[in-house]
Amino acid sequence: MHFLVRTFWASFISSLKVVLRAVTFRGLVAFNISVPFFFILTSWITLQIMGGGDFFTGLTKMPHFLSFVTIGFAFNGFVFSAAMGGAHALRGDQEHGTLELVFVTPSNKLVWLLGKIMGNLAFSLINFAVILLLGSLLFGFQATAQPNIPVATLFVLLTIIAMTSFGFVFAGVCFIAKREDELSQVLWTMMVFLSGLAFPVEVLPQWGQAIAWMIPITHGVYATRQALLLGAGILDPAIITALGMLILQTAILLPIGVILYSRLERKARETGALATY
Amino acid sequence: MSLAKEWRTFTAVFIRNIKLFTAYKAWIIATIIWPIPLLALNIYTYSALGTPDDVSQAFTQYGYPFAGSIVVGTIVYLLYNRLLWGTGISIQRERWMGTIEVLFLTPTNKMTILLASGVSSLVEASWWIACIFFLGGAIFGLQPNINSVPAVAISIVSTMAALIAVGVFFAGFFVLTRAADQLASGLQAPIRFFSGVAFPVGALPQMFQYVSYLIPVTYGILVLRKAVLQGANMASLWLDLLPLYIVAAIFMIAGYATLRIVERRAKKKGTLYLI
């Protein structure tokens, strides 16, 4: 156990230092704030073109389209770090030629990968707060009731845990498929499209909604919006449903993610794909 | 300058890039899939704010049909993106791979390398043009209004040339700043916003429009929307093509100048290897 903790800590600190090295103002703005910020601005223009948000309010019962979108894009960092952080770290080691060295050490590779993901996530939590603050300052934050911050916090944490399972699968795929950059672009766009970050899931066709609700972040964003914009409490039926679904999805996806990652890692060892570029 | 040598450099880089691209199945699959959710994302955002009729009605004030406007914007954005990550990062990638110093020791013309990289990036991305048009027609009801095929062809070629100029500009800039990854990621969203990929530029506040008209991508989207959606012919299009050529020329010259600075610094300071 002590050995696992040391592996996790070493990997976590190393990942955090890599991230922190990029925390210049330029790095912060370019890498973490620019994407969600300009997507929120795009939503603002869309709202101007459409001449108001009455249709949106009728559809979702949410009071304010831009507050809705701001919360959605605040989750953007979790897509990057929890779902893609592990693959990015693996690919980095692969490109620098150090992945094989890491994998011949007796350290637990799952714990090593978890440390890498958590290092990325630590910074995403800060981004989450920055985007919420920035969006609220620029476009206002309109809620119909007192925001329920504890419930929102609970769902942010649960979403991170659930999305980490995606991170394991994606990292495993990148062992074999390489080209993490290109695959991340596709995965990110799909997540943003399907999980309701930019618009309510209700506008998707039925098949799209069915896929959307299978992604943990959809439930996380939905419940966080309910808590922050409508003041929904933990006993609210919508929150209970989202909580149940997130726990269920985590319980199913996490073991699948770990097993798939381990299998793909084994395959990479057998085929010599660890070191191949 | 020997044209034969330049041609050999061009073909060598072009073939290398195409071989690299086709060597990764994942890359090819990602290239095929990516336009689909991106186009859908741009279109469905409007569905949250009105019925399809409301959206079409809202777009008539800008003179473009809704689906067509988004389809054209998305195509140009995808091409820009490919150029940014292909040509823009090409020299910086040599630094990451540890081969940049070797590259700068060769007597090859770096501009030729970048132009070849730009053309190969466009070949890789050419699938997107067909894919997005097909999707736009089959799913989102795109109805092109083309009166002059040469005008469409010239608009596409001119836009591609302008995007190569953008790629060349960023290539030197990325090497100078040593922050290619951050800048390339960070530049995607603002360019998408200011160039009017998901809405007509006329919907932006006036102050923002000034920024828009400094970006070649904006002009590329504008001429293509006019040629494909408004049935513009060459006679009515040249006034829009002119600023596209001017801005593209500025970017190309600035890119060439930046590249010269990079070469000079490389020789003087010996800092090319520093990541």
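Because the structure is a prediction, the values reported are computed rather than measured. Convention: sequence-line order gives letters A, B, ...; per-chain numbering from 1.
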Subject >> Close contacts, residues 37-50 of chain A versus chain B, judged by heavy atoms under 4.5 Å >> reply: A:Phe38, A:Phe39, A:Leu41, A:Thr42, A:Trp44, A:Ile45, A:Thr46, A:Leu47, A:Ile49, A:Met50

Subject >> chain B contact residues among residues 213-223 of chain A, heavy-atom distance under 4.5 Å >> reply: none

Tell me, side chain or backbone of [X] under 4.5 Å from chain A's heavy atoms, or both, or neither?
X	answer
B:Ala40	both
B:Val55	both
B:Asn42	neither
B:Gln61	side chain

Just list the side-chain donor-acceptor pairs under 3.5 Å for residues 190-205 of chain A, sequence neighbours left out, or say none.
residue  : atom : partner  : partner atom : Å
A:Ser195 : OG   : A:Met191 : O            : 2.3

Subject >> Top contributor to chain A interface from B:Ala203, B:Ala198, B:Pro200 [non-hydrogen pairs under 4.5 Å] >> reply: B:Ala203

Original post:
When only pairs under 4.5 Å are counted, which of B:Tyr62, B:Phe194, B:Phe199, B:Phe208 shares the most heavy-atom pairs with chain A?
Top reply: B:Phe199

**OP:** Heavy atoms only: give me the nearest B:Gly50-A:Phe55 pair and the separation to one decimal.
**Re:** N-CD2, 3.2 Å

**OP:** Find the one option among A:Leu187, A:Leu183, A:Leu59, A:Val69 whose heavy-atom pairs under 4.5 Å with chain B are most numerous.
**Re:** A:Leu183

**OP:** Select all residues of residues 30-39 of chain B having any heavy atom within less than 4.5 Å of some heavy atom of chain A, and report them by number, or 'none'.
**Re:** B:Ala30, B:Ile33, B:Trp34, B:Pro37, B:Leu38

